[in-house]
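Below you'll find the structure, written out as structure tokens, and then a few comments.
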Amino acid sequence: MEERERVGAGLIEMDEVFFECVYDQVKNVPAGSVCTYGTIAELAGYPKAAREVGLAMSRVQRAWNLPCHRIVNAQGTLAPTYAFGGKDKQRALLEAEGVAFLEDGAIDLAHHRWPPTGEPEQLALPL
DNA sequence: CCAATGACCAAAA
DNA sequence: GTTTTGGCCATTG
């Protein structure tokens, strides 16, 4: 019906299926955890469309209420083009949720990666 | 349809 | 650790 869905100030005329799935996964990421583009793509049904996930993120609007700051690349580093203020803002948001960063400025994916796909070593061991 | 682009990923040098 | 190369697939002109 009509031309896809008009969202805020942007008109979405892409494969809503893929994007909807991506956004759904992003919404599923719990606070304090992060997810990689590749994982999101995989969950969305396109195991190799990691770039499209990033593209979807760039198209995200604030009104959608998506925690896109929890999506990082496979290296645990933040993209330079975070839509809501840049990587600096993204990092601040993540730290506010309890995400720890390494000295290199990358996120410790071993502790914050989500979902816990088959990794049995989620033992926090705080001390 | 073709070419270029992109918040990527992994392997190789 | 960095830089380069290839692949991946949807969007855009």
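Every chain is numbered from 1 and lettered A, B, ... according to where its sequence line falls, protein lines coming before strand lines. Quantities reported herein were computed from a predicted structural model and do not represent experimental measurements.
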Judged by each residue's nearest nucleotide on DNA chain C, which is more toward the 5′ side, Lys48(A) or Asp104(A)? Asp104(A)

Whom does dC1(B) pair with, Watson-Crick or G-U wobble, provided both distances fall under 3.5 Å? none

Write down the distance between [atom1] ([X]) and [atom2] ([N]), rounded to a whole number of angstrom.
X: Gln75(A); N: dA7(B); atom1: CD; atom2: C1'; result: 13 Å
X: Glu42(A); N: dC8(C); atom1: CD; atom2: P; result: 16 Å
X: Ile71(A); N: dG6(B); atom1: CD1; atom2: P; result: 21 Å
X: Leu109(A); N: dC8(B); atom1: CG; atom2: C1'; result: 14 Å
X: Phe18(A); N: dC8(C); atom1: CZ; atom2: C1'; result: 11 Å
X: Trp64(A); N: dA7(B); atom1: CH2; atom2: P; result: 15 Å
X: Leu66(A); N: dA7(B); atom1: CG; atom2: C1'; result: 14 Å
X: Ile40(A); N: dC9(C); atom1: CD1; atom2: C1'; result: 17 Å

To the nearest 0.5 Å, tell me how far Gln25(A) CD sits from Lys27(A) NZ. 10.5 Å

Is there a path of hydrophobic side-chain contacts, each under 4.5 Å between heavy atoms of I, L, V, M, F, W or Y residues, that connects Trp114(A) with Met57(A)? yes

Using a 4.0 Å heavy-atom cut-off, does Ala79(A) contact any base of the nucleic acid, only the sugar-phosphate backbone, or nothing at all? base

Tell me what Ala83(A) touches on the nucleic acid: a base, only sugar-phosphate, or nothing, going by heavy atoms under 4.0 Å.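 The answer is base, as Ala83(A) lies within the cut-off (heavy atoms under 4.0 Å) of a base atom.
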
Check the phosphate of dA4(B) against Arg51(A), side-chain N and O only, distance under 4.0 Å to OP1 or OP2. Yes or no? no

Please tell me which of the listed nucleotides, dC9(B), dT12(C), dA10(C), lies nearest to the side chain of Arg59(A)? dT12(C)

Between dC9(C), dG6(B), dA10(B), which nucleotide has the shortest distance from any of its atoms to the side chain of Ala74(A)?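 Output: dA10(B).
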
Ignoring hydrogens and geometry beyond distance, is the side chain of Tyr82(A) in donor-acceptor contact with the base of dA7(B) at under 3.5 Å?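 For Tyr82(A), whose side chain was compared with the base of dA7(B), there is no donor-acceptor pair (under 3.5 Å).
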
Is the number of heavy atoms from other residues, nucleotides or ligands under 6.0 Å of Asp88(A) CG greater than 12? no

Does CD in Glu95(A) sit with more than 12 non-hydrogen atoms of other residues, nucleotides or ligands closer than 6.0 Å?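 More than 12 heavy atoms, drawn from other residues, nucleotides or ligands, come within 6.0 Å of this atom.
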
Is it true that the NZ or CZ of Arg91(A) lies under 6.0 Å from the centre of Phe101(A)'s six-membered ring and within 45 degrees of the ring axis?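 The answer is yes; both the distance and angle limits are met.
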
